[in-house]
Structure formats: C-alpha cells, structure tokens
There are 2 protein chains.
Amino acid sequence: MGIEPGHDEALSRQIAERLKALRATRGWSLDELAVQSGVSRATLSRLENAEVSPTAQVLGRLCSAYGLTMTRLMGMVEDDFTPLIRTRSQPAWEDPSVGFVRRALSPPAAALAGEVLECELRPDARIEYPLPPRPALEHHLLLLEGALSLTVDGARHELVPGDCLRYRLYGASRFETPPEAGARYLLFIV
Amino acid sequence: MGIEPGHDEALSRQIAERLKALRATRGWSLDELAVQSGVSRATLSRLENAEVSPTAQVLGRLCSAYGLTMTRLMGMVEDDFTPLIRTRSQPAWEDPSVGFVRRALSPPAAALAGEVLECELRPDARIEYPLPPRPALEHHLLLLEGALSLTVDGARHELVPGDCLRYRLYGASRFETPPEAGARYLLFIV
DNA sequence: AGAGATTTTCTCATTTATGGGAATCGAGCC
DNA sequence: GGCTCGATTCCCATAAATGAGAAAATCTCT
C-alpha cells in the first residue's frame with residue numbers, strides 16, 4: 001500500500017499545466033525560458049506536455065527562473081487556496097534533532113504572494129542555511145518570546161521580544177538561541 | 001542569469017537530509033520504505049545520499065508513503081531562511097473615536113514589498129473601509145487575542161485566536177468586534 | 001495564398017535515474 | 001574469533017530523462 005497508480009500521471013499533468021501557465025503568463029518562448037533556466041527547449045516541451053517526470057534538479061532551475069520557491073510551485077500544483085486557516089488545521093512539522101517546530105499559519109497559495117510561518121526554537125539551538133531558495137526573498141521576522149541571534153551575510157543581530165527584523169535574503173544565514181532561552185517567532189515571507 | 005551553480009547540489013543535499021530524517025523519525029528501514037512507497041532500496045539509498053536527483057514521480061510516491069503533500073515536503077526542505085537587521089522603534093497610531101490602535105512593526109520601506117502591523121480594537125467596535133488603498137492588496141490577518149468578525153467582499157468570517165485569514169482586497173471591508181471582547185491581531189500586507 | 005520568421009515538436013545520441021541482486025558493513029550472540 | 005541477522009551500499013542491466021539539432025507546425029506579413 002501507499003502506492004497509488006495513476007497518481008504519478010496526475011501529478012505530472014498538474015505540474016505540466018502549471019509550468020505551461022507560468023510561461024504563458026510571462027509571455028516567454030521555450031527558447032527564452034531555456035536560456036533563463038538552463039534547461040533545454042526539448043525538455044521543456046516534454047515537461048509541459050507531461051511526457052516525462054522532471055527531476056528535482058530541473059524543477060529547481062525552473063523555480064529559479066520563475067522566481068518561485070519550490071514550496072510555492074508545489075502549492076500552485078496542489079492547492080486551491082482557502083481563505084481562512086483555523087488554528088488546528090495549520091500544518092506543523094517538527095525536527096526534534098535541532099529542537100525546531102514550525103507551523104504554516106498562512107500556507108503558500110497560487111493566488112497569494114506572501115505566506116506566514118510560526119516557528120519555535122529550543123534553547124541552545126543552531127540552524128544554518130547555506131542559500132535561500134530564491135535570491136532576494138523578503139522576510140519580516142517578529143520575535144514573540146525568548147531570544148534569538150541571526151546572522152545574515154555575515155552580519156549578526158541580537159533580537160529581543162517585540163523586535164521585527166526585515167531583510168532580503170541573498171546568501172547564507174544562521175539562527176541561534178542562547179543556552180538559557182529558546183525563541184518563538186513569526187515569519188512573513190514574500 | 002537565473003542559473004546559479006551550486007543550487008542544484010544544495011537542493012539535492014537538503015532533500016537528502018530531509019528524506020533521511022523523515023525515515024529516521026518513523027524508524028523505517030530502507031526495505032520497509034521501499035515496500036510502502038514502491039521505490040527500490042537502491043534508489044532510496046542513493047537519494048538519501050544525494051547521489052542522484054529524484055524525479056517528481058518518486059518524490060510523489062515518497063510523499064504518499066510519508067503522508068505528506070509535496071508542498072509540505074518542499075516546505076521542510078526549504079525551511080525558512082535567515083534574517084537581517086532592524087528593530088523596534090515602532091511608530092504607533094491611535095484613533096480613540098473608534099477604539100483603534102495600530103503599530104507598524106515593520107514599517108513600509110522602498111525596498112520591501114510587505115509590511116507588518118499590530119492592531120488593537122476595543123470591544124463593540126466597527127470599522128469600515130469602502131475601498132482598499134490599492135486594488136488586489138494582499139492581507140494575511142492573524143488573530144492573537146479576542147474575537148473578530150471580518151467581512152470582505154460580502155463574505156463574513158468569524159475569527160478566534162490563532163486563526164489566520166488571507167484575502168485580496170478589491171472592494172469594501174468591515175472589521176467588527178463583539179460587545180464582550182476586543183481584538184488584537186497582526187496584519188501582514190503585501 | 002505564399003514566403004519568411006518564430007515557436008514548438010520530434011529524432012537520435014547521451015546522460016542520468018531506477019531496480020534487482022550481490023557484496024559490504026554493523027551490531028549482537030555463542 | 002566466528003557466526004548470524006539486519007540494514008545499507010555497490011555493481012550492472014534497464015528504463016527514463018535530457019540535450020543538440022532537424023523537422024513540423026504556427027504565425028505574420030504582403
């Protein structure tokens with residue numbers, strides 16, 4: 001079980017349609033997109049016709065060309081957005097190894113530019129991100145509780161509750177909490 | 001532009017780590033996951049070691065096995081990112097006549113698309129906006145405390161703390177609080 | 001209609017991912 | 001040490017995705 005035949009094709013078809021729509025919106029030709037993304041015309045044609053299943057690699061490149069995060073692309077593929085997200089239905093996930101919990105208060109949706117996350121970090125935690133999913137991603141981070149130290153492009157910032165940090169992400173970043181306090185914060189992403 | 005070397009590998013590595021963590025969390029062996037997902041042990045091994053880039057098809061099957069949407073998986077992979085500066089010299093604004101206070105947690109800036117407001121509304125208040133400042137303005141409203149009733153384009157929504165309402169403003173909107181409770185909420189505007 | 005240019009699809013060779021099975025590694029146990 | 005059992009990785013054949021260029025389809029003028 002767990003294997004559901006027919007889903008594969010459905011997924012491919014949905015991805016295909018979405019990619020086609022994305023390109024149509026920008027008015028790009030396959031050739032232009034090929035140059036922008038580094039993926040060949042032929043492949044693009046086959047992807048948009050659901051003749052093959054794209055690798056994560058080429059999906060990543062396409063997202064980069066379209067200025068999308070993979071999350072958002074998948075959101076476009078999978079969901080039609082519901083305006084009201086109730087507390088209990090907000091998807092959460094946890095990474096116990098680093099003491100990290102995040103909930104999507106306002107999950108990505110095709111029609112929306114922004115999304116909202118609530119994150120919790122335990123004391124003495126450290127998370128590192130080598131690169132943003134797409135350059136110039138805009139963040140507004142509001143620290144609700146605890147203490148948080150952020151390093152972005154080499155600049156380090158110590159936050160206390162109530163502080164709101166805005167920035168555009170181009171390079172590496174690091175999240176750290178001191179030994180004596182964790183952190184709970186809201187993240188608005190555009 | 002658009003093509004950024006190093007992103008491919010970074011993506012693969014992040015997917016690999018996430019898949020590894022997911023399997024570890026459930027305590028499954030490669031064999032078990034292979035049965036659940038319909039993807040071979042060998043492939044699973046290579047994916048978790050970032051030796052190859054998975055097709056959307058196998059990612060779909062893995063998500064199915066883990067009970068995740070692709071969106072969720074990508075959210076896990078891309079996580080959030082890092083921050084940069086700014087703090088809390090948050091200009092406040094008050095309108096006593098309707099019992100309304102708003103503070104700009106993240107004030108508008110030329111380089112940024114979004115802004116963050118914290119608003120407080122006293123009980124039994126009613127505010128009406130005939131038209132948005134600009135059409136298709138995107139709002140993500142997170143109710144922190146109290147109760148709030150919102151009418152957007154004729155659709156009315158009753159919010160309780162923790163709820164998040166997203167919408168694009170084209171027409172009129174109305175904010176109302178019940179007689180017995182005010183409201184405190186965050187507003188993310190794009 | 002027709003000629004020319006653009007966009008898309010198709011063909012074929014190459015690269016890459018995938019599956020099955022054998023080999024390797026690791027932890028317990030006698 | 002040697003043995004067994006489980007899990008993971010390696011090897012090789014197959015299937016699938018990708019790229020470069022040719023063919024086909026589509027569009028735009030006159």
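A note on names: the letters A, B, ... follow the listed sequences, proteins ahead of strands, and every chain is numbered from 1.
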Testing the 3.5 Å rule here: is there a donor-acceptor pair between the side chains of A/Arg61 and A/Ser37? no

When you get a sec, tell me which of D/dA17, C/dA17, D/dC10 is the closest nucleotide to the side chain of B/Glu51? D/dC10

Roughly, in whole Å, what's the span from CG in B/Asp31 to C1' in C/dG21? 12 Å

Result of checking A/Arg18, A/Arg23, A/Arg41, A/Arg13 against A/Glu48 for salt bridge (Lys or Arg N to Asp or Glu O under 4.0 Å): A/Arg23

Take the angle between the ring planes of B/Trp28 and B/Tyr66 and call it parallel below 30°, perpendicular above 60°, tilted in between. parallel

Both B/Arg41 and B/Thr55 contact DNA chain C. Taking the nearest nucleotide for each, which residue is further toward the 5' end? B/Thr55

For B/Arg23 and A/Ser40, take the nucleotide of DNA chain D holding the closest heavy atom to each; which residue's nucleotide lies nearer the 5' end? B/Arg23

With a 4.0 Å cut-off on heavy atoms, is B/Leu33 in touch with a base, just the backbone sugar-phosphate, or nothing at all? nothing

Closest to the side chain of A/Ser29, out of C/dT7, D/dT18, D/dT9, is C/dT7

Classify B/Asn49 by what it touches in the nucleic acid, base, sugar-phosphate, or nothing, heavy-atom distance under 4.0 Å. sugar-phosphate

Note: B/Arg46-B/Glu51 ion pair, threshold 4.0 Å (strictly below): no

Given D/dA7, C/dG19, C/dT11, which nucleotide is nearest the side-chain atoms of B/Arg46? C/dG19

Which of these passes salt bridge (Lys or Arg N to Asp or Glu O under 4.0 Å) with A/Arg103: A/Glu118, A/Glu115, A/Glu120? A/Glu118

Length of the CZ-C1' vector between A/Arg61 and D/dA17, whole Å: 13 Å

Which of these nucleotides, D/dA17, C/dT8, C/dC10, is closest to any side-chain atom of A/Ser53? D/dA17

Take atom CG of A/Leu30 and atom C1' of C/dC10, then tell me their distance rounded to the nearest Å. 13 Å

Write down the distance between CG (A/Leu44) and P (C/dT8), rounded to a whole number of angstrom. 10 Å

Regarding B/Ser45, tell me which of base, sugar-phosphate or nothing describes its non-hydrogen contacts under 4.0 Å with the strands shown. base

Can you check the B/Ile15 CD1 to C/dA17 P distance for me, whole Å? 12 Å

Can you measure B/Gln57 atom CD to C/dG19 atom C1' for me and round it to whole angstrom units? 13 Å

Under 4.0 Å, counting only non-hydrogen atoms across every strand here, what does A/Leu47 touch: a base, just sugar-phosphate, or nothing? sugar-phosphate

Taking atom P of D/dA17 as reference, at what distance in whole Å does atom CD of A/Glu48 sit? 16 Å

